[in-house]
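Worksheet: the structure to be examined is printed underneath.
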Amino acid sequence: MIIFSTLQIVWKINANETKNDRLQWEQFRSVIESSNLDFKYVRVDNENDELILYSDAMDDFYELDLYKQQIRMRRKIDGYMPLLYNVQKVEWRYDENRKSIFISIRIHGREYSEEYIMDRKK
């Protein structure tokens, strides 16, 4: 009986983790896709786990990076905003032919990925 109760608690914790992770991922996606920011691709720095984007709407550069298990978004002139927590791994990859950025993130052992059509900043 105790083992069954413990398994139910673990299952509920995992279900809540998954729900929270998906919610975070969807919020992250909405930032990347935001027409208010209208991002253009600048470059990927895989050595530092960074993605550099440019916002036409804000006329500014944004850096997304992995730091202490967080994906942060920051500008040069001010602080940063954490977008995702408990991130174990990130992969950014730009395809020149398709003009798209592929983003893959691992949170709590689960992979989340998306491809975004995004022009390169000229």
Do Y116 and R29 come within less than 4.5 Å of each other through their side chains, counting heavy atoms only?
yes
Restricting to non-hydrogen atoms, name the atom on L64 and the atom on F28 that form the minimum distance, rounded to 0.1 Å.
CD2-CE1, 3.8 Å
Whether the side chain of D95 engages the backbone of N97 through a donor-acceptor N/O pair (distance < 3.5 Å, no angle test) should be reported.
yes
Between D60 and the options R75, K40, R74, the salt bridge (Lys or Arg N to Asp or Glu O under 4.0 Å) test singles out R75
For a side-chain contact (heavy atoms from CB on, under 4.5 Å) check, start with the C-alpha distance between D65 and M73, then their side-chain angles and the critical distance, and finish with the verdict.
CA-CA 7 Å; D65 67 352; M73 182 170 71; over 6 Å; no
Taking E115 for the side chain and I101 for the main chain, is one N or O donor matched with an acceptor at less than 3.5 Å?
no
Do F102 and L83 belong together in a cluster built from hydrophobic side chains that touch within less than 4.5 Å?
no
Path from V42 to I71 over hydrophobic side-chain contacts below 4.5 Å
no
Face-on cation placement of R120 at Y41 ring, 6.0 Å and 45° thresholds:
no
Heavy atoms only: give me the nearest I103-W25 pair and the separation to one decimal.
O-CH2, 4.2 Å
Backbone N or O of E50 within a donor-acceptor pair of the N48 side chain at under 3.5 Å?
no
Heavy atoms, side chains only, cut-off 4.5 Å: are S100 and M118 in contact?
no
Verify the neighbour count for atom CE of M58: are there more than 12 heavy atoms of other residues, nucleotides or ligands below 6.0 Å?
no
Assess whether a salt bridge exists between D119 and K99, defined as any Lys/Arg side-chain N lying under 4.0 Å from an Asp/Glu carboxylate O.
no
Answer yes or no: is there an ion pair linking E91 with K89, defined by an N-O contact shorter than 4.0 Å?
no
Rounding to 0.5 Å, atoms CD (Q70) and CZ (R72) come to a distance of 7.5 Å
Find the distance between CD (E26) and CD (E114) and round it off to the nearest 0.5 Å.
8.0 Å
Of V87, L84, L51, the residue whose pairing with L66 passes side-chain contact (heavy atoms from CB on, under 4.5 Å):
V87
Donor-acceptor check, side chain of S55 to backbone of L37, threshold 3.5 angstrom: yes or no?
yes
Donor-acceptor contact below 3.5 Å, side chain W92 vs main chain N46:
no
Examine F61 and Y67 and state if one hydrophobic cluster contains both, with Ile, Leu, Val, Met, Phe, Trp and Tyr joined whenever side-chain heavy atoms are less than 4.5 Å apart.
no
Within 45° of the axis and under 6.0 Å from the centre of the six-membered ring of Y54, does NZ or CZ of K121 qualify?
yes
Applying side-chain contact (heavy atoms from CB on, under 4.5 Å), run through R22 and Y112 and close with a yes or a no.
CA-CA 8 Å; R22 285 187 183 153; Y112 299 87; 3.8 Å; yes
H108 to Q88 - nearest heavy-atom pair and separation
N-OE1, 3.5 Å
Taking V31's backbone N and O only, do any of them form a donor-acceptor pair with S34's side chain (distance below 3.5 Å, no angle check)?
no
Contact check, side chains of R110 and D21, non-hydrogen atoms, under 4.5 Å:
yes
Any side-chain heavy-atom pair of E63 and Y80 under 4.5 Å
no
Provide the closest heavy-atom pair for Q24 versus Y85 in the form atom of the first, atom of the second, distance.
OE1-N, 2.6 Å
Hphob cluster co-occupancy, V90 + V44, side-chain heavy atoms under 4.5 angstrom:
yes
Interatomic distance, I107 atom CD1 to T18 atom OG1 [nearest 0.5 angstrom]:
10.5 Å
First locate atom OG of S113, then atom CZ of R93, and finally report the distance between them rounded to the nearest 0.5 Å.
9.5 Å
